[in-house]
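Below is one structure, written out as structure tokens; the observations come after it.
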Amino acid sequence: SHYYRSLIRACARENSLEKGQKLHATLIKNGLAASPHTFLYNALLHMYAVCDISLSAHNVFDQIPLTHMDTIDWTTLMSCYVRNGLPDKALLLFRFMQGEGVFPDEVTFVSFFAACSRLGDVKTGQQGHVYMFKNGLPFTVTASNAAMDMYVKCGRMIDARRVFDEMSERSVVSWSIILSGMIKWEGVENGRNLFDEMPERNVVSWNAMIGGYSKNGDMGSAWFLFERMPVRNSVTWTEMIDGFARSGDIVAARRMFDEVPFEMKNVVTWTVLVDGYVSNGQMDTARELFEEMPERNFFVWSSMIAGYCKKGQVKEARVIFDRISVRNLVNWNALIAGYAQNGFCKEAFEAFARMQPEGFKPD
RNA sequence: GUGCCACAAAUU
């Protein structure tokens, strides 16, 4: 079993889900996994969590007897849920864990705070913060950062600053969290002042600043920073392309896109460019690029559908929609809204009726 | 043994 554990660990490390699943099957066959003391399920849990398959992770988790799972196992699953955009499940798990008499530690709270900020639930987040104090949990840089970020995302800059001021040690992440809060809630220029005075900056800090400018339509300042930054990544490029596209300069957006280094071109880079053409009403170019995309996500599909609908080309929107293999709630919304806006009431209701058996709740 | 924080994109 020691041997299997290291195999599973290797899968987790290199993110190879398929190998991991094969191992999982083997372990079920030979019955090794069934004995809790091998801690093989714990290892599998970790593997599935790393691969972001929360469903399998939870299934494996349920196989582990309560006597053989610790805070780390709970935290592993919680953080997996948060990463997969299921923060409510993460909080549920947190409550359940306490019900089982397992105590959260400072790492658990990192995921806890992340869940609260995604839900915009400061109240719960603050309760967690108080819990940490009361129970004497250590405020590591990471834990404090997570708490700060929770306050920032909920618009509570005063609380965020209080955490920041009380930290005995700060990292570049701490500064970047405050920076993005200032940009978002107190204006780009105030953010810029902090940016200029920060003790250290990394690519995320630069990106936060560029993103702030580009959301403000100030592509001049964005460009200024873009040219001067020491390191760029795909987020940087995406923000620039998107910024130019939104400011109406689709030509500049395209030029940016063409300059993106190969390894930094990803599905989001493509998506913002396609969406840029869509927003500029150039559906033909958008379509060409869309067809060229190496990989598509929910966002482009919605963008294309909405774009065709705005041009009154509802038929074409439908063609696109029917090509989607796995649909999203937003994809449905785009189609239904498009039908409605073009006076196709019957089709809108038909689509509305059809989405529900497919497991979507209209919102 | 194993869990860890900040920056980018779609519908109304």
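Values below: every heavy atom of this structure, side chains too, minus hydrogens, waters and symmetry copies. Below, chains carry the letters A, B, ... as their sequence lines are ordered, and counting in each starts from 1. For clarity, every value in this text was computed on a predicted model and none was experimentally measured.
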* Any salt bridge (Lys or Arg N to Asp or Glu O under 4.0 Å) involving residues 160-178 of chain A? Give me the pairs, sequence neighbours left out, ordered by first then second residue. => D159(A)-R162(A), R161(A)-E186(A)
* Looking at RNA chain B, which of residues 9-32 of chain A put a heavy atom within less than 4.0 Å of it? -> R9(A)
* **Contacts of D149(A) that satisfy salt bridge (Lys or Arg N to Asp or Glu O under 4.0 Å) - sequence neighbours left out** => K153(A)
* F133(A) and F139(A) aromatic centres sub-6.0 Å -> yes
* Are T76(A) and D73(A) linked by a side-chain donor-acceptor pair shorter than 3.5 Å? -> no
* Asked: Should the ring pair H129(A) and Y151(A) be called parallel, tilted or perpendicular, given that the plane angle runs from 0 to 90° and is split at 30 and 60?
  -> tilted
* K315(A) to Y308(A), cation-pi by 6.0 Å centre distance and 45° axis angle -> no
* To do: Go through the structure and list residues passing salt bridge (Lys or Arg N to Asp or Glu O under 4.0 Å) with E316(A), not counting sequence neighbours.
  => R287(A)
* To do: Return the residues of residues 297-310 of chain A meeting this criterion: a heavy atom under 4.0 Å from some atom of RNA chain B. Order them by number, or give none.
  => N297(A), F298(A), F299(A), S302(A), S303(A), A306(A), K310(A)
* Would you confirm whether S303(A), through its side chain, and F299(A), through its main-chain N or O, come within 3.5 Å as a donor-acceptor pair? => no
* Distance flag, aromatic centroids of F257(A) and W237(A), threshold under 6.0 Å -> no
* Asked: Which residues within residues 111-149 of chain A lie with some heavy atom under 4.0 Å of an atom in RNA chain B?
  -> T142(A), N145(A), D149(A)
* Go through the structure and list residues passing salt bridge (Lys or Arg N to Asp or Glu O under 4.0 Å) with R5(A), not counting sequence neighbours. => none
* Within residues 322-342 of chain A: residues closer than 4.0 Å to RNA chain B (heavy atoms) -> N328(A), V330(A), N333(A), A334(A), A337(A), Q341(A)
* **Range on RNA chain B touched by chain A, heavy atoms, distance below 4.0 Å** => G1(B) to U12(B)
* To do: Run through D121(A), T124(A), V110(A), V122(A) and flag the one making a side chain to side chain contact (heavy atoms under 4.5 Å, CB included) with M150(A).
  => V122(A)
* Asked: With a non-hydrogen cut-off below 4.0 angstrom, is R296(A) in contact with a base, only sugar-phosphate, or nothing?
  -> nothing
* Asked: What pairs with R323(A) under side chain to side chain donor-acceptor pair (under 3.5 Å), at least two apart in sequence or on another chain?
  -> E291(A)
* Does the separation of the ring centres of F321(A) and W301(A) fall below 6.0 angstrom? -> no
* Residues in contact with RNA chain B, drawn from residues 152-171 of chain A - heavy-atom cutoff 4.0 Å -> K153(A)
* Sorted by first residue and then second, give each salt bridge (Lys or Arg N to Asp or Glu O under 4.0 Å) pair with at least one member in residues 15-24 of chain A; sequence neighbours left out. => E14(A)-K19(A)
* Compute the centroid of each ring, for F103(A) and then for Y131(A), and state whether the two points are separated by less than 6.0 Å. => no
* **Ring-ring centroid check Y48(A) H24(A), cutoff 6.0 Å** => yes
* Is the shortest side-chain N to carboxylate O distance from E350(A) to R354(A) below 4.0 Å? -> no
* With heavy atoms under 4.0 Å as the rule, sort V272(A) into base, sugar-phosphate or nothing. => sugar-phosphate
